[in-house]
Amino acid sequence: MKKLLLPAMAMLLAACQNKPLVTPENSKTQQDLSVKSKKRPGAIATDSIYGVCVHFGQANNLEYTINKIGFAIDLAETMNLNFFRTDVTLNSSGTPNATFEAFADSAYNAGFGILAVMNNPTVTAPANGTTYTSTELQSYYNQGYSKGYGFASRSSLQGKVQYIQIFNELENDNNAAILSPTYGGTQEPTVGQNDSKYNMTKYPAYLQFMLGAYTGIKTANSTIKIGTNYAWLHYGLFLRFTKDMIAQNKKLDFMLLNWYNVEEYGVDQSHNVDPNNVPMAGQAINRLKYKFLQQPTSPLVNQVGLSETGISFGGGSTPNPNNLSKGGFLTLMHNQYRPQTNMFFYYELFKQLQTKSQNPKEAQFGIQIATNPANHLVTDTLSNLY
């Protein structure tokens with residue numbers, strides 16, 4: 001961590017510490033939420049995405065409330081970020097909640113881009129227990145299309161959402177029940193041939209939802225880029241998704257990876273290029289490129305990057321052999337991976353001390369305490385990395 005800030009940055013941080021960045025609940029009206037632009041709104045640069053994850057579109061989140069939008073944008077500007085990645089809860093017609101609408105408007109006015117994450121759908125097993133009928137599959141396609149088209153076609157969001165991620169860590173979704181308890185998932189699974197690592201029974205429904213959402217989004221706004229993400233050693237399932245989408249002439253624009261300290265300090269034998277377990281330190285982007293870009297014929301996607309990276313000190317021990325601070329670990333991730341990719345997101349901006357109170361580790365991932373604007377320790381560290 002650098003001990004001295006550039007003069008301009010020092011003045012900015014001093015200003016942040018001397019003004020009330022967080023206001024009491026309900027003290028701002030809807031009209032007050034617009035953030036004064038420090039950049040010129042308009043075309044959002046996507047050639048180098050450098051951002052942070054938030055939850056301003058997630059229903060019932062207690063930290064990412066509408067009156068915290070200005071604080072979040074101030075912090076992101078302090079850290080020289082240019083993008084936000086946020087989940088968005090959509091109804092069946094693709095309408096987001098009010099918090100997302102207000103956030104998208106303020107982020108756009110401040111010159112930030114948005115990667116929106118569509119909430120995972122709830123999928124039921126086939127009625128006969130084994131195979132979906134064409135009617136069942138059409139229903140999931142229609143659900144995806146309605147949500148995707150409805151969201152991307154909203155006049156109030158035009159130009160404000162540049163990327164949409166369909167699904168978030170689908171392989172870890174309890175409803176999906178795709179990844180079996182063995183916690184593997186490196187090999188590419190085959191539909192109809194369930195094994196010890198994958199239960200692919202619901203896969204055709206999720207594929208149809210993705211196909212529908214992709215078609216709906218591109219029909220509404222062909223400029224929006226579409227992709228998905230996965231975690232840890234689970235890329236096999238997503239090789240299957242990307243190839244099945246290409247078979248339907250719907251190539252995903254991006255594939256992202258969640259990469260925390262558990263992954264950074266883990267090992268992988270799945271590349272089959274070494275008889276021993278290969279340390280993953282420094283390998284996050286290399287593994288993405290190896291699987292999704294370096295293909296014999298053509299790349300499976302156009303862009304790869306990190307959708308989440310972070311470290312938590314809550315809820316017990318965590319892999320950290322070099323005894324790094326949170327700012328130290330995020331600096332390591334920045335220095336190793338940002339030069340290798342043009343999509344990079346920290347996880348996450350605010351600690352979710354209320355929303356995730358039952359999960360201490362998840363609650364402590366945040367860079368900043370949402371209710372304490374004086375706590376700029378990690379914020380200050382990251383402001384020096386740009």
Side-chain angles (χ1 to χ4, degrees), residues 1 51-53 85 168-174 179-187 197 229-238 255-291 304-341 343-353 355-369 375 377-379 381-382 385:
M1 176 179 177
V52 67
C53 297
R85 175 177 174 267
N168 182 57
E169 287 191 9
L170 182 64
E171 80 279 18
N172 289 327
D173 188 317
N174 289 332
L179 187 64
S180 296
T182 52
Y183 204 69
T186 57
Q187 84 283 13
K197 292 187 174 68
N229 79 337
Y230 67 95
W232 192 210
L233 306 180
H234 301 159
Y235 48 81
L237 175 67
F238 298 90
M255 180 63 66
L256 302 179
L257 174 63
N258 288 354
W259 194 258
Y260 292 87
N261 55 306
V262 173
E263 287 80 17
E264 179 68 15
Y265 301 120
V267 296
D268 181 15
Q269 194 178 358
S270 62
H271 287 174
N272 298 318
V273 295
D274 192 293
N276 302 309
N277 285 337
V278 178
M280 284 293 97
Q283 295 303 307
I285 301 303
N286 288 341
R287 67 188 285 113
L288 271 169
K289 290 178 177 178
Y290 181 82
K291 291 298 182 183
V304 297
L306 296 186
S307 43
E308 300 176 13
T309 186
I311 185 172
S312 173
F313 297 108
S317 62
T318 186
N320 188 15
N322 298 317
N323 197 30
L324 297 174
S325 64
K326 180 173 292 183
F329 182 78
L330 294 180
T331 298
L332 174 66
M333 295 299 94
H334 171 279
N335 292 343
Q336 285 187 166
Y337 298 126
R338 192 176 174 221
Q340 300 179 38
T341 178
M343 291 187 78
F344 184 101
F345 290 94
Y346 296 111
Y347 191 89
E348 62 177 314
L349 187 58
F350 295 151
K351 294 183 179 182
Q352 298 188 73
L353 302 180
T355 304
K356 301 291 186 180
S357 60
Q358 301 302 311
N359 186 342
K361 184 173 289 292
E362 184 73 17
Q364 291 289 339
F365 273 114
I367 292 169
Q368 173 67 259
I369 298 175
N375 176 33
L377 181 61
V378 180
T379 308
T381 299
L382 298 183
L385 298 180

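Scope of the values below: all heavy atoms of this structure, side chains included, with no hydrogens, waters or symmetry mates. One is the number of the first residue; the rest follow in order along the sequence. Since the structure is predicted, the reported quantities are computational estimates derived from the model, not experimental observations.
- Taking the salt bridge (Lys or Arg N to Asp or Glu O under 4.0 Å) definition, one finds that Glu308 meets it with Arg85, sequence neighbours left out.
- The shortest non-hydrogen separation linking Ser307 to Asn229 is OG-ND2, 3.2 Å.
- Atom CD of Gln364 and atom CD of Glu362 lie 11.0 Å apart (nearest 0.5 Å).
- Atom CD of residue Glu264 and atom OG1 of residue Thr309 lie 7.5 Å apart, to the nearest 0.5 angstrom.
- Taking CG of Leu330 as the start and OH of Tyr346 as the end, the distance is 6.5 Å to the nearest 0.5 Å.
- Residues meeting the side-chain hydrogen bond (donor to acceptor under 3.5 Å, both in side chains) test with Gln187, sequence neighbours left out: Asp195.
- Residues passing the side-chain hydrogen bond (donor to acceptor under 3.5 Å, both in side chains) test with Glu348, sequence neighbours excluded: His55, Tyr64, Gln352.
- Between His234 and the choices Glu169, Lys197, Glu171, the side chain to side chain donor-acceptor pair (under 3.5 Å) rule is met once, by Glu171.
- Annotation: side-chain hydrogen bond (donor to acceptor under 3.5 Å, both in side chains) contacts of Ser357 (sequence neighbours excluded): none.
- Under the side-chain hydrogen bond (donor to acceptor under 3.5 Å, both in side chains) criterion, Gln283 pairs with Asn286, not counting sequence neighbours.
- Across Arg287 and Trp232, no two heavy atoms sit closer than the pair NH2-O, 3.7 Å.
- Proximity of Ile367 to Lys351: side-chain heavy atoms (C-beta onward) are nowhere separated by under 4.5 Å.
- Here Asn322 pairs with Tyr265, Leu324 under the side-chain contact (heavy atoms from CB on, under 4.5 Å) rule; sequence neighbours left out.
- Two residues are said to be in side-chain contact when any heavy atoms from C-beta on lie closer than 4.5 Å; Phe238 and Lys291 fail this criterion.
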